[in-house]
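Comments concern the structure below.
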Amino acid sequence: MNGAYLLHCSLCFRAALSQRAAAVAGMLTQLAFGELRIQVLSACYALGVAAPGMPRAAAMDYIWLGQAFLRLVPMRPDEDLADAMRTGALANDLCRPVDAYWWWWSRAVGRLAAPTLLRCVPLILICFALGVLRPPQSLGCALASLDMLVLALLVSATIRVALALIGDWGGGANATATLGMPVIWMLAGIVVPLPLFPPAVQHVIGILPFRALLDSPLRVWSGDLHGPALGWAMLHQVVWLVALVGFGRLLTRRGLARLTVQGG
Amino acid sequence: MSQILASALVKTYRRRVNAGGWRGAFGGLIASQTTTVRAVDDLSFSIAAGELIGFLGPNGAGKSTVIKLLAGILVPDGGSCTVAGRDPSRDRRAHVDAIGVVFGQRSQLWFDLPVADTFELLRLIYRRDAAVWRASREELIEILGIAPFLGRPVRQLSLGERMRCELAAALMHRPELLFLDEPTIGLDAPAKLAVRDCLQRLNRDRGVTILLTTHDLDDVEALCRRVLVINHGRLLLDGGLDQLRAGGGHSRLVRLETRGSLVVGARPGLEILSQEDGALQLRIDTRLLAIAEVVRELLSVGEVIDLAVIPPSIEEVVASLYLARP
């Protein structure tokens with residue numbers, strides 16, 4: 001890839017790093033909600049409801065890691081792109097000899113990486129200090145889950161860009177955001193760890209892209225996914241990344257052909 | 001040979017119609033109505049290499065849309081445009097690699113980061129020869145006087161400082177053609193002069209073709225030999241500055257501050273707009289009356305404290321141009 005996209009990504013990363021107050025607020029919220037989820041899940045284990053899918057300790061790791069990497073799950077369409085479409089600032093991007101999609105994509109990656117890093121590092125350290133999170137099972141697990149977290153970041157940014165493209169060029173960003181988001185959260189594993197879903201649902205969840213956002217890397221950390229299953233999970237991430245990028249590029253090409261730039 | 005050729009260019013926008021209020025809000029949910037607006041309507045013109053052209057018209061006339069069509073950002077709905085032998089929208093990346101664009105109302109710089117970072121990013125985007133780039137960068141920093149604030153985040157710059165940086169950012173890659181959409185909007189006098197000076201030098205020394213939209217008649221007078229005036233997406237005038245004046249610029253507003261009241265009679269060519277104790281406003285048609293004559297008369301009939309003769313604004317010229325059309 002051209003160095004311009006890389007620099008664009010890192011400039012966006014640097015610009016987003018300045019939002020430290022938001023990161024602290026987010027961390028506190030995620031700690032509080034993490035504790036709440038732990039209590040609910042503990043109750044389920046105590047009643048024997050949740051037992052078959054996942055051992056209790058692994059489920060606890062899953063929840064705390066999920067809180068640390070919550071940012072990887074798209075909460076709304078890519079704001080920079082959605083704003084640029086709404087205000088017409090898009091015109092500036094198109095005045096430069098760059099590929100519009102990769103330009104937006106590199107920005108989305110940089111803009112997501114900064115807050116993710118700002119939240120996950122302190123949260124993981126706090127969880128270690130409190131003794132509620134176990135370190136990765138092995139060095140191999142650690143490296144594999146790091147790889148998969150990076151892939152999850154790329155998938156997440158790609159989904160954000162796609163949501164913004166569908167939203168504004170399909171006529172109604174808010175509609176896609178409100179309808180789609182809770183489903184994405186559930187299918188990524190925020191609400192309940194995915195291994196605890198009924199087996200019939202597991203097949204569907206396994207195919208959909210959303211487990212690539214959170215579930216897969218978290219289960220690699222705790223050693224729950226290993227061997228061929230780990231390979232498949234990584235392949236699942238890569239395949240969906242490629243497919244979603246292709247989808248986004250298609251939307252971009254179609255959108256630019258009938259673009260309206262408003263204002264000024 | 002024309003560098004820019006627009007023939008029968010058309011761009012339409014679909015606009016949602018909403019009755020407003022609760023009824024409009026709920027009605028729009030059930031059946032939304034749209035109307036089609038022709039932002040650019042059968043527009044043809046041609047511009048030769050090395051020209052510096054003022055592109056005028058009231059707000060909403062379609063100026064920005066034309067700029068965006070010529071820059072390849074928008075795809076025309078009808079007609080065609082050719083810029084330096086390229087079809088701008090079909091060949092957008094190659095096209096924008098050779099042109100520079102500034103939108104006065106939007107910033108292309110990074111709000112949170114120093115200007116120097118944006119320049120570095122541009123260097124990687126355009127991939128010009130390193131020596132050429134460095135020379136171009138030094139030259140622009142010098143001409144625009146932006147060296148003192150290269151290291152400051154853009155959000156800390158004043159509008160004038162920022163606009164000079166915007167201009168530098170649009171020119172770093174030495175474009176053969178420059179499109180500017182209201183580059184002097186909101187600027188104070190020194191910043192405006194710096195921008196004008198830069199544009200003049202580019203045009204004169206390097207033969208860069210420049211098309212700029214503005215509402216500032218002083219910009220036009222200082223820079224342009226030729227103007228294009230449009231309204232409702234149609235061409236109203238294409239010619240020299242003198243033609244623009246002749247098209248509607250023969251009315252003058254005279255504003256007087258007087259001691260006591262001053263009585264003057266209306267007559268053909270002289271219209272009294274307002275008359276109060278100590279203040280008087282007249283409109284003079286210079287085709288019928290000489291300004292000097294009227295002023296002499298005013299000075300003789302009363303005690304004048306202050307007197308201003310105000311030429312019509314660009315909006316008035318354009319408005320009268322447009323109204324003069326059947």
Side-chain angles (χ1 to χ4, degrees), chain A residues 1-20 22 79-80 83-103 106-107 110-111 114-115 168-169 171-172 174-175 249 252-264, chain B residues 11-16 32 39 59 63-65 67-69 71-75 77 88-114 117-118 120-127 153-154 166 169-170 173 175 179 181-182 185 213:
Chain A
M1 201 193 284
N2 182 330
Y5 300 100
L6 211 61
L7 182 62
H8 188 215
C9 181
S10 79
L11 286 178
C12 291
F13 177 83
R14 276 170 46 196
L17 265 189
S18 60
Q19 298 163 352
R20 263 158 293 190
E79 285 146 323
D80 297 295
D83 280 353
M85 287 171 156
R86 196 169 43 76
T87 61
L90 206 64
N92 275 331
D93 296 345
L94 300 176
C95 286
R96 300 297 184 190
V98 290
D99 181 283
Y101 180 80
W102 288 122
W103 192 247
S106 55
R107 174 176 60 194
R111 288 285 232 164
D168 273 61
W169 286 340
N174 294 333
R249 292 186 65 80
T252 304
R253 194 158 49 229
R254 283 188 41 192
L256 289 182
R258 50 193 173 81
L259 175 68
T260 306
V261 176
Q262 293 169 342
Chain B
K11 179 71 192 176
T12 55
Y13 291 133
R14 261 198 1 213
R15 193 181 283 168
R16 253 194 165 160
S32 70
N59 292 323
K63 305 184 293 295
S64 299
T65 304
I67 297 267
K68 283 166 193 156
L69 286 167
I73 295 169
L74 296 178
V75 183
D77 292 319
S89 63
R90 188 155 304 164
D91 209 2
R92 183 182 65 82
R93 282 178 69 182
H95 181 55
V96 293
D97 193 67
I99 65 166
V101 188
V102 174
F103 295 108
Q105 310 212 45
R106 314 183 190 291
S107 181
Q108 56 191 324
L109 307 167
W110 249 273
F111 200 62
D112 294 313
L113 296 173
D117 282 335
T118 302
E120 180 56 19
L121 185 61
L122 292 174
R123 187 179 71 77
L124 291 178
I125 289 176
Y126 287 99
R127 290 190 274 184
V154 174
E166 300 273 355
H173 58 291
F179 297 123
D181 196 4
E182 304 194 31
I185 191 165
T213 77

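So you know, we letter chains A, B, ... as the sequences are listed, proteins then strands, and number each from 1. Computed over heavy atoms, backbone and side chain alike; hydrogens, waters and symmetry mates excluded.
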Next item on the list: Please flag which part of B:His95 lies under 4.5 Å from any non-hydrogen atom of chain A: side chain, backbone, both or neither.
Entry: neither

Margin query: Under 4.5 Å from any heavy atom of chain A, what part of B:Leu122 do you find: side chain, backbone, both or neither?
Written below: side chain

Check: For B:Pro114, which residues count as a side chain to side chain contact (heavy atoms under 4.5 Å, CB included) partner, sequence neighbours excluded?
Finding: B:Asp117

Check: If you measure from CG on A:Asn92 to CD1 on B:Ile73, what distance do you get to the nearest 0.5 Å?
Finding: 7.5 Å

Margin query: For B:Arg127, which atoms come within 4.5 Å of any heavy atom of chain A: side chain, backbone, both, or neither?
Written below: side chain

Next item on the list: Examine whether an atom of B:Ser107 lies under 4.5 Å from a heavy atom of chain A, and if so say whether it belongs to the side chain, the backbone or both; otherwise answer neither.
Entry: backbone

Notebook entry, point to check: Is any side-chain heavy atom of A:Cys95 less than 4.5 Å from a side-chain heavy atom of B:Phe179?
Noted result: no

Notebook entry, point to check: Of all of B:Arg92, B:Lys63, B:Arg123, which one pairs up most often with chain A through heavy atoms under 4.5 Å apart?
Noted result: B:Arg92

Check: Tell me, side chain or backbone of B:Ile125 under 4.5 Å from chain A's heavy atoms, or both, or neither?
Finding: both

Check: If you measure from CG on A:Leu94 to NZ on B:Lys68, what distance do you get to the nearest 0.5 Å?
Finding: 10.5 Å

Check: Atom CD of B:Glu120 and atom CG of A:Leu11: how far apart are they, to the nearest 0.5 Å?
Finding: 9.0 Å

Check: Where is the tightest heavy-atom contact between A:Arg96 and B:His173, given as atom of each residue plus distance?
Finding: NH1-CE1, 4.2 Å

Notebook entry, point to check: Is the number of heavy atoms from other residues, nucleotides or ligands within 6.0 Å of CZ (B:Arg93) greater than 12?
Noted result: yes

